[in-house]
Q: 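Pasting a structure here, questions to come.
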Number of protein chains: 2
Amino acid sequence: MDINKDQNTEQAILEVAEKLFLDKGFAMTTTTEIAKAVGCNQALVHYYFRTKEKLFTTIFEHKAKLFISQFIKVSDENIPFMDKLKQKVEAHFDLLKENPKLPFLLFNELTTNPERAKSIKEALSYIPKTIFTKLNEELKVEIENGRIRPISAFDLVYTIVSLNVMLFIAKPIFDAVLDFSPQDYSDFIERRKHENVKIIIESLKP
Amino acid sequence: MDINKDQNTEQAILEVAEKLFLDKGFAMTTTTEIAKAVGCNQALVHYYFRTKEKLFTTIFEHKAKLFISQFIKVSDENIPFMDKLKQKVEAHFDLLKENPKLPFLLFNELTTNPERAKSIKEALSYIPKTIFTKLNEELKVEIENGRIRPISAFDLVYTIVSLNVMLFIAKPIFDAVLDFSPQDYSDFIERRKHENVKIIIESLKP
DNA sequence: TGAATATTTAATAGACCTATTAAATATGGA
DNA sequence: TCCATATTTAATAGGTCTATTAAATATTCA
């Protein structure tokens with residue numbers, strides 16, 4: 001071992017593997033490469049995690065649960081619905097900004113290897129059903145009071161997620177095709193953060 | 001050769017490879033598998049296309065150019081801006097519906113193998129710059145006449161593409177995580193087609 | 001028909017990958 | 001210190017993949 005001699009090898013493997021899986025997906029990442037990046041023997045990756053699949057699952061489930069639990073964190077309940085909505089949309093954006101490659105990994109693994117769906121479903125089951133129920137109830141009150149047009153929680157969430165997630169999934173397009181500099185990209189997504197909130201709020205008007 | 005004995009082998013390879021690349025991406029598709037699906041010897045894939053990379057590039061560039069040229073097709077010029085916008089958003093949706101896996105392939109290849117960016121850039125350069133210029137001019141007129149709020153062509157396009165494309169990229173999530181049946185999915189995206197138009201129109205109000 | 005060319009096949013080189021094994025080395029506690 | 005256990009290494013089995021080659025077969029056309 002070269003690097004990371006100080007810290008836990010198992011942890012080092014997890015960290016390096018997470019970065020590589022997020023960068024290039026499951027198929028394009030090899031255990032040989034992970035070991036090399038950690039600075040350890042390739043057999044060690046299997047010693048600690050047995051298979052590449054298990055290593056991936058461990059990392060993905062941990063990452064997904066962390067993401068979801070961070071998002072779930074209740075915000076101040078005693079504020080108007082629209083303010084809370086703005087808060088949530090921005091919190092979703094911020095969380096994506098901290099985990100910009102997670103959505104792609106989810107899409108990638110679910111698309112190229114549907115057998116992994118079960119493990120991913122397991123990881124995502126951490127999203128309580130109650131979230132949708134609760135949102136639907138809140139929406140119902142707003143709709144009945146004529147403050148917003150009729151809309152389902154699912155549709156609202158779809159709009160939010162689409163507008164926010166695409167900022168990060170499409171980054172390689174902005175970089176390669178549109179020749180965005182890092183500054184261009186940074187400016188763009190920050191501007192869109194507010195634009196997205198505006199569009200979502202606007203789309204709810206009765 | 002078993003199947004496709006009637007038709008051109010080269011063409012058969014292209015068709016089968018296109019399906020497989022779209023289904024599973026470049027990395028997860030093997031030339032052996034392509035040959036097997038075509039019903040020919042694996043060496044034939046290399047005989048006609050030399051390398052897997054060349055085969056992929058041929059297919060991708062053709063697909064991308066087709067998609068773009070179909071979208072570019074001018075619609076009736078003599079209708080109000082908002083009507084044209086609605087037409088375009090729906091045309092974009094319809095085109096995606098016919099090529100539901102193309103966006104993912106684009107993201108996948110650009111993300112997992114950035115070296116391929118050049119060839120993809122080449123394929124996408126088929127999008128004339130004038131499109132954005134023209135849209136910006138049309139927007140300017142609408143803005144100056146107070147019919148819509150100030151917005152850039154790029155932002156408008158981002159909103160349209162995000163809302164439409166996510167319907168298809170996220171399909172594996174709807175299927176696996178939300179247990180959508182084919183009918184559920186079909187109903188959902190058709191509803192969203194109109195919902196997306198509404199959101200986009202609404203988001204432009206002054 | 002028969003020679004030139006095109007297509008197809010079987011075989012395989014060469015690379016790399018995952019996973020395992022046995023042996024070597026390090027570590028911690030009695 | 002010394003033994004038991006944990007960690008690490010080198011070596012390798014066994015598989016698959018891309019790409020090439022030479023030989024076999026089919027097709028074309030003079």
Q: Select one nucleotide: of C/dA6, D/dT20, D/dT7, the one nearest the side-chain heavy atoms of B/Gln42.
A: D/dT20
Q: Can you identify which nucleotide, out of D/dT8, C/dT20, D/dA19, has its nearest atom closest to the B/Thr51 side chain?
A: D/dA19
Q: Rounded to the nearest Å, what distance is computed from the NZ atom of residue A/Lys52 to the P atom of nucleotide C/dT20?
A: 15 Å
Q: Just the rounded figure in Å: distance from P of C/dC16 to NZ of A/Lys36.
A: 10 Å
Q: Between P on C/dC16 and CE on A/Met28, what's the gap in Å once rounded to a whole number?
A: 14 Å
Q: Determine whether the side chains of B/Arg192 and A/Thr159 contain a donor N or O and an acceptor N or O closer than 3.5 Å.
A: yes
Q: Are the charged groups of B/Glu202 and B/Lys86 less than 4.0 angstrom apart, N to O?
A: no
Q: What integer distance in Å separates A/Lys24:NZ from C/dC17:C1'?
A: 13 Å
Q: Which of these nucleotides, D/dA6, D/dA10, D/dT21, is closest to any side-chain atom of B/Ala43?
A: D/dT21
Q: When you get a sec, tell me which of C/dT8, D/dT18, D/dA10 is the closest nucleotide to the side chain of B/His46?
A: D/dT18
Q: Can you measure A/Glu53 atom CD to C/dC17 atom P for me and round it to whole angstrom units?
A: 17 Å
Q: So do A/Lys97 and A/Glu190 actually touch side chain to side chain, heavy atoms under 4.5 Å?
A: yes
Q: Please report, rounded to the nearest Å, how far the C1' atom of C/dT21 is from the CG atom of A/Leu44.
A: 14 Å
Q: Would one find a side-chain N or O of A/Arg50 under 4.0 angstrom from OP1 or OP2 of C/dT18?
A: no
Q: In whole Å, what is the span from the NZ atom of B/Lys54 to the P atom of D/dT20?
A: 9 Å
Q: Any carboxylate oxygen within less than 4.0 angstrom of a Lys/Arg side-chain nitrogen, looking at B/Lys88 and B/Asp83?
A: no
Q: Consider the side chain of A/Tyr48, meaning its heavy atoms from C-beta on, and name the nucleotide among C/dC17, D/dT8, C/dA10 that approaches it most closely.
A: D/dT8
Q: OP1, OP2 of D/dC17 versus side-chain N and O of B/Thr31: anything below 4.0 Å?
A: no
Q: Just to confirm, is there a sub-4.0 Å distance from OP1 or OP2 of D/dT7 to any side-chain nitrogen or oxygen of A/Thr9?
A: no
Q: Among the nucleotides C/dT18, D/dA19, D/dT9, which one has an atom lying closest to any side-chain atom of A/Cys40?
A: D/dT9
Q: Mind calculating the distance between CG (A/Asn41) and P (D/dA10) to the nearest angstrom?
A: 6 Å
Q: With a 4.0 Å cut-off on heavy atoms, is A/Thr32 in touch with a base, just the backbone sugar-phosphate, or nothing at all?
A: base
Q: For D/dT9, does OP1 or OP2 lie under 4.0 Å from any side-chain N or O of A/Tyr47?
A: no
Q: Would A/Phe174 and A/Phe168 count as a close aromatic pair, with their ring centres under 6.0 Å?
A: no
